[in-house]
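To start, the structure itself, in structure tokens.
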Amino acid sequence: MEINAQVGDISGVRADAIIVSLFEGAEQPTGATKVVDGALDGLITQLIQAREITGELYQVTVLHTFGRVPADRVTVVGLGKQEGLVLDRVRGVIAEALRVLQKMGLQRVASVLHGADQGGLHPEAVAQAIAEGALLGLYAFDKYSTKKPEPKIQELSLVAFDQAALEPVSRGLTRGKIMAQATNLARDLINEPANYLTPSEWARQAERLAQANGLECQVLDQEQMYEMGMGALLGVAQGSAQPPKLIVLRYRGDERGRKPTLGLVGKGITFDSGGLSLKPREAMDAMKGDMAGGAAVMAAVGAIAQLKLPLNVTTIVPATENMPGGRALKLGDILRAMNGKTIEILSTDAEGRLVLADALCYAHKLGLAPLVDVATLTGACSIALGPVYAGAFGNNQELIDRLLKAGEEAGEHFWAMPMHPDYKELIKSDVADMKNVGGRAGGAITAAQFLANFVDDTPWVHLDIAGSSFSGKDKTYNPKGGRGMAVRTLVNLARSLAAD
Ligand code: BES
Ligand code: ZN
Ligand code: ZN
């Protein structure tokens, strides 16, 4: 789908459908909707009076125009109550509307900048939100289906009322496209089955991403991991027939290196069977998505490069399967991480923290700061926060606050979780420096405390996206499947750090 911007009066735009909007509770249309209503001889007003169009959030009404305006159809979308209007609703509204119009087989669509004139939102931000909502909402993972694909919307035009808005709208559009395409890249990686997306294939894709965006790509193999002392990562990998890869991508937007390099680390378990602590059979297929954190950091650095942000970023993805092969980790085994700390294995299903331990040590060794890791780490976090919020844990309140703000701007919610040192007791081992599980109670926090052992004093935030990484059904701009959670948050964080 191509998205462009133009200036004019939407009631005069030729298209298969134009999209205007209405606030809930409005007795009469205002702004562009009023102009279109006038051209339709008050049809929208009549339907409001008949309570058929209510402006309720995400309501989509499609009207045929029978030649009264150049467009074949007018679509009225509900923005919900005016007081509650936020950018994320704009993402959702455009996604809902476009899905309806695409199902009708339409190709060319134009939209106003919802919420920009009456709602008080900034045209640049609205344009970004529309581009994001459109590209994210129409995303489909259909590459393996041999059925003839349904026709897709080809063109979306954003219609700004005045010339002065055109420049900010174009800027917002460009940024929105980059953000959404990156999120969709992460979704593709998450949705890709584990027999295709092996660690080796992922490394090849990282090399291609690097080439396309001027990044540096370095892939460490098993032997190099061994030389660096990455015993925790190697321990997880040893039960699988697929060789592990540590995938490093580097973006240099601040050649003089005035600031330290932002480090993004993502869990890259391309399939988590649980290992010998085998997972139950229900929903094990979802564990092809246990690399969503790795997908997020990789997609984010691509977007950061496309946005040419003035900072340096390095991403690290420890990529491996977690399988119960003949050489697999056994319960009671003790592993030594790259920083020399020893770990007693009491569940081979708590593998994410093991691969992250060595990746965080490596990030620390490279001097990256601040550090953010993203991981589908614990079922406990999903139980605590459900599918809406992801957990944010860390050792630096300023960084946590910055991340939460970056998340809200992206429409991704993170909730700060406690890191009281008393939780550390729960992962004490009798025979090693720590054990890799701390029991069911507080499971997301003990996992975070485990990771804290590998970052030293570096400002660090850990994001546990286990509950929010998948969308169980089509919901506004998140179609069923991988969400690409955290991609846009990480890009916003990089923008915020670059602006310091
Ligand atoms: N990959 C899982 C966590 C997960 C669960 C992600 C559900 C997405 C949805 C992780 O490796 C895991 O198995 N964690 C265990 C930890 C436990 C053994 C301490 C868990 O949460 O049960
Ligand atoms: Zn696991
Ligand atoms: Zn896992």
Side-chain angles (χ1 to χ4, degrees), residues 186 190-191 194 197 199 232-233 235-240 244 265-296 317-324 328-333 335 343-359 373-391 393 417 423 426-429 434-451 462-472 481-486:
I190 297 166
N191 294 332
L197 193 79
L233 170 54
V236 175
Q238 73 195 27
S240 164
V265 176
K267 173 175 172 181
I269 301 292
T270 58
F271 188 74
D272 182 10
S273 71
L276 278 183
S277 312
L278 196 66
K279 283 186 178 295
R281 66 189 72 180
E282 300 85 54
M284 204 201 268
D285 59 313
M287 286 301 128
K288 70 174 184 178
D290 206 20
M291 31 55 70
V317 177
T320 176
E321 292 182 338
N322 183 27
M323 295 291 281
L329 276 181
K330 297 169 285 295
L331 287 290
D333 282 0
L335 301 177
I343 306 160
E344 182 190 10
I345 304 305
L346 291 176
S347 168
T348 62
D349 198 10
E351 83 299 337
R353 64 198 74 184
L354 299 173
V355 302
L356 288 172
D358 279 330
D373 80 73
V374 189
T376 46
L377 202 63
T378 66
C381 198
S382 162
I383 297 294
L385 297 173
V388 180
Y389 275 75
F393 309 74
M417 300 283 278
Y423 286 105
L426 297 168
I427 48 169
K428 275 201 176 140
S429 161
M434 69 198 91
K435 54 186 181 184
N436 78 329
V437 283
R440 279 164 61 86
I445 306 171
T446 49
Q449 288 288 8
F450 179 96
L451 297 178
H462 154 62
L463 304 177
D464 191 335
I465 59 167
S468 51
S469 151
F470 266 91
S471 183
R483 276 182 56 183
M485 176 69 172

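Ligands are counted one by one from 1 in listed order, and the atoms in each one are counted from 1 as well. The residues of the chain are indexed from 1 along the displayed sequence.
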Open item on the list: So that I can tick it off, tell me whether D290 and K267 are bridged by a salt bridge, with the cut-off set at under 4.0 angstrom between side-chain N and carboxylate O.
Closed with: yes
Geometric N/O contact [X] with ligand 1, under 3.5 angstrom:
{"X": "T378", "result": "no"}
{"X": "R353", "result": "no"}
{"X": "D290", "result": "yes"}

Out of all atoms in ligand 1, which are within 4.0 Å of some heavy atom of [X]? Include the element for each.
{"X": "K279", "value": "2 (C), 12 (C), 13 (O)"}
{"X": "A466", "value": "6 (C), 8 (C), 9 (C)"}
{"X": "D272", "value": "1 (N), 2 (C), 10 (C), 11 (O), 13 (O)"}
{"X": "E351", "value": "11 (O)"}
{"X": "K267", "value": "1 (N), 10 (C), 11 (O)"}
{"X": "S347", "value": "18 (C)"}

Open item on the list: Regarding D290, does it place an N, O or S atom less than 2.8 Å from the Zn ion (ligand 2)?
Closed with: no
Task: Shortest heavy-atom approach to atom 17 (C) of ligand 1 - which of V437, D464, I383 - done: V437
Task: Winner among S382, S277, G379, A292 once heavy atoms are compared against atom 22 (O) of ligand 1 - done: G379
Open item on the list: Checking a contact table here: which protein heavy atom is nearest atom 14 (N) of ligand 1, and how many Å away?
Closed with: L377 O, 3.4 Å
TODO: Provide, to 0.1 Å, the distance between atom 12 (C) of ligand 1 and the closest protein heavy atom, together with that atom's residue and name.
DONE: D349 O, 3.2 Å
Open item on the list: Suppose you place the vertex at the Zn ion (ligand 2); what is the angle out to D272 OD2 and D349 O, to 10°?
Closed with: 170°
Heavy atoms, side chains only, cut-off 4.5 Å: are [X] and [Y] in contact?
{"X": "I343", "Y": "F450", "value": "yes"}
{"X": "L354", "Y": "L233", "value": "no"}
{"X": "L329", "Y": "L276", "value": "no"}
{"X": "F393", "Y": "D373", "value": "no"}
{"X": "H462", "Y": "L377", "value": "yes"}

- [ ] For the pair T270 (side chain) and A194 (backbone), establish whether a donor and an acceptor sit closer than 3.5 Å, ignoring hydrogens and angles.
- [x] no
TODO: Mark yes or no for whether D464, through its side chain, and T378, through its backbone, hold a donor-acceptor pair below 3.5 Å.
DONE: yes
- [ ] Only one of D349, T348, N322 passes side chain to side chain donor-acceptor pair (under 3.5 Å) with S277; say which it is.
- [x] T348
Open item on the list: Does the residue R440 have a heavy-atom contact with ligand 1, meaning some pair of atoms that are separated by less than 4.0 Å?
Closed with: no
Open item on the list: Any N/O/S atom, side chain or main chain, of G352 closer to the Zn ion (ligand 3) than 2.8 Å?
Closed with: no
Task: Closest heavy-atom pair and its distance - V265, A359 - done: CG1-CB, 3.6 Å
Task: Nearest heavy atoms of V437 and S347, plus distance in Å - done: CG1-CB, 3.7 Å
TODO: Find, among atoms of E351 that are N, O or S, the one nearest to the Zn ion (ligand 3), and state its name.
DONE: OE2
